[in-house]
Enquirer: 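Please see the structure below; I have some questions.
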Amino acid sequence: MRASRLLSVLLLLQNRGRMTAEELAAELEVSVRTVYRDIEALSAAGVPVYADRGRAGGYQLVAGYRTRLTGLTEEEARSLSLAGLPAAAAELGLGTVLAAAQLKLHAALPAELRGRAGQIAERFHVDVPGWHRDIEHLPHLATVAEAVWRARRVAVRYARWDGSEVRRMLEPLGLVLKSGAWYLAARREGRVRTYRVSRVRELTVLDEEFTRPEDFDLAAYWREWSEQFERRLYPRAAVVRLSPLGRDLVPFYLGSVGARALRAAGREPDDDGWLRVELPVERGRPALGQLLHFGPELEVLEPAELRAEVAEAARRMAATYG
């Protein structure tokens, strides 16, 4: 642990130049006293680090000194795939590992490329979760990720969408981060299924390895599963007329499924600017709520029973508001 921290001190000074003990302590999440001891240890080991006194002082390396100790550990190399998603890396238990890997990578770059890397971080930031989604409680995510890496079977207690709970023996094949939510692709009884990690109530990693299917492609599986999920989620179609504002609201209220339907309309708006579109909607009462979101910017044409439901809801609303 201390050896890793000493290397981090060395790389920080190499990458950033002069740093105070307080800055090093904050970066490494240790006390200032620990930093003092680490600097003394580096000096005793022959690293040319010296201190500048005064208010603008701090620790720095002798000009021109560079360490070659920038080899990445296996965990650090894994974590670099999440370099643009620090929150995701933290959820997987790789937050500090990612920071160490990035530090080593930065130290190994030529001066010009180090400058560019810093500029990118200053100008671009990725924030994955949506505005209207609470942060999920994921106590088992890091353990699931480790089981995926090591190809170990897991025993889980899982809460289904209806609130009932089941116990399953799974072979975890991969993790997917979708709109701030983590999903596990796992094989059970020879078939690959999808599980939402936030619904895992208990998890035990078993001392049993399994052989991953050689032809399993996580991205292709997720693409196919997502398409099937959307078809199950929106099994009905409503023929509607949309005003210009209503068309702008489609991606907000119906997401990518509605946006695709809008692009597939294949016709021009009428003389009033309204467009006839076939929109996918959910089954039963949720479909009514989806369409009422649009207010007067949408008119339901078909099916007749859905048009009647919307009309009745509109009359009741009008009566409520006088």
Enquirer: Count the heavy atoms of every other residue, nucleotide or ligand shown that sit under 6.0 Å from CZ of F252, and state whether that count exceeds 12.
Expert: no
Enquirer: Between V200, V176, L175, which is the residue that forms a side-chain contact (heavy atoms from CB on, under 4.5 Å) with W182?
Expert: L175
Enquirer: Between T194 and Y221, does the side-chain hydrogen bond (donor to acceptor under 3.5 Å, both in side chains) criterion hold? Intermediate values first, please.
Expert: CA-CA 10 Å; T194 301; Y221 166 78; 2.6 Å; yes
Enquirer: Salt bridge check, E230 against R260: does any charged N sit closer than 4.0 Å to a carboxylate O?
Expert: yes
Enquirer: Ring-plane angle category for Y158 and Y195, please: parallel below 30°, perpendicular beyond 60°, tilted otherwise.
Expert: perpendicular
Enquirer: Please determine whether a side-chain nitrogen of the Lys or Arg among R152 and E171 lies less than 4.0 Å from a carboxylate oxygen of the Asp or Glu.
Expert: no
Enquirer: Provide the closest heavy-atom pair for E282 versus L233 in the form atom of the first, atom of the second, distance.
Expert: CG-O, 3.3 Å
Enquirer: Tell me, do V240 and L301 make a side-chain contact under 4.5 Å, heavy atoms counted?
Expert: no
Enquirer: Find the distance between OG1 (T34) and CD1 (I39) and round it off to the nearest 0.5 Å.
Expert: 11.5 Å
Enquirer: Do the rings of W222 and Y183 sit parallel, tilted or perpendicular, given the 30° and 60° boundaries?
Expert: tilted
Enquirer: Measure the CZ-CD distance between R276 and E299 for me, rounded to the nearest 0.5 Å.
Expert: 10.0 Å
Enquirer: Which distance, rounded to the nearest 0.5 Å, do you find between the CD of E27 and the CD of E22?
Expert: 14.0 Å
Enquirer: For L173, does its backbone N or O pair with a side-chain atom of R212 as donor and acceptor, under 3.5 Å?
Expert: yes
Enquirer: Any side-chain heavy atom of L242 within less than 4.5 Å of one from V250?
Expert: yes
Enquirer: Measure across P244 and G273 and return the closest heavy-atom pair with its distance rounded to 0.1 Å.
Expert: CD-O, 3.5 Å
Enquirer: With distance as the sole test, does R168 use its side chain to make a donor-acceptor pair with the main-chain N or O of R188 at under 3.5 Å?
Expert: no
Enquirer: Is it true that E297 and R241 have a side-chain N and a carboxylate O under 4.0 angstrom from each other?
Expert: no
Enquirer: Identify the two heavy atoms, one from A313 and one from L292, that lie closest to each other, and give their separation to 0.1 Å.
Expert: CB-CD1, 3.8 Å
Enquirer: Is it true that E312 and R315 make a salt bridge, defined as a side-chain N closer than 4.0 Å to a carboxylate O?
Expert: yes
Enquirer: Sub-3.5 Å donor-acceptor pair from the side chain of H140 to the main-chain atoms of V197, do we have one?
Expert: no
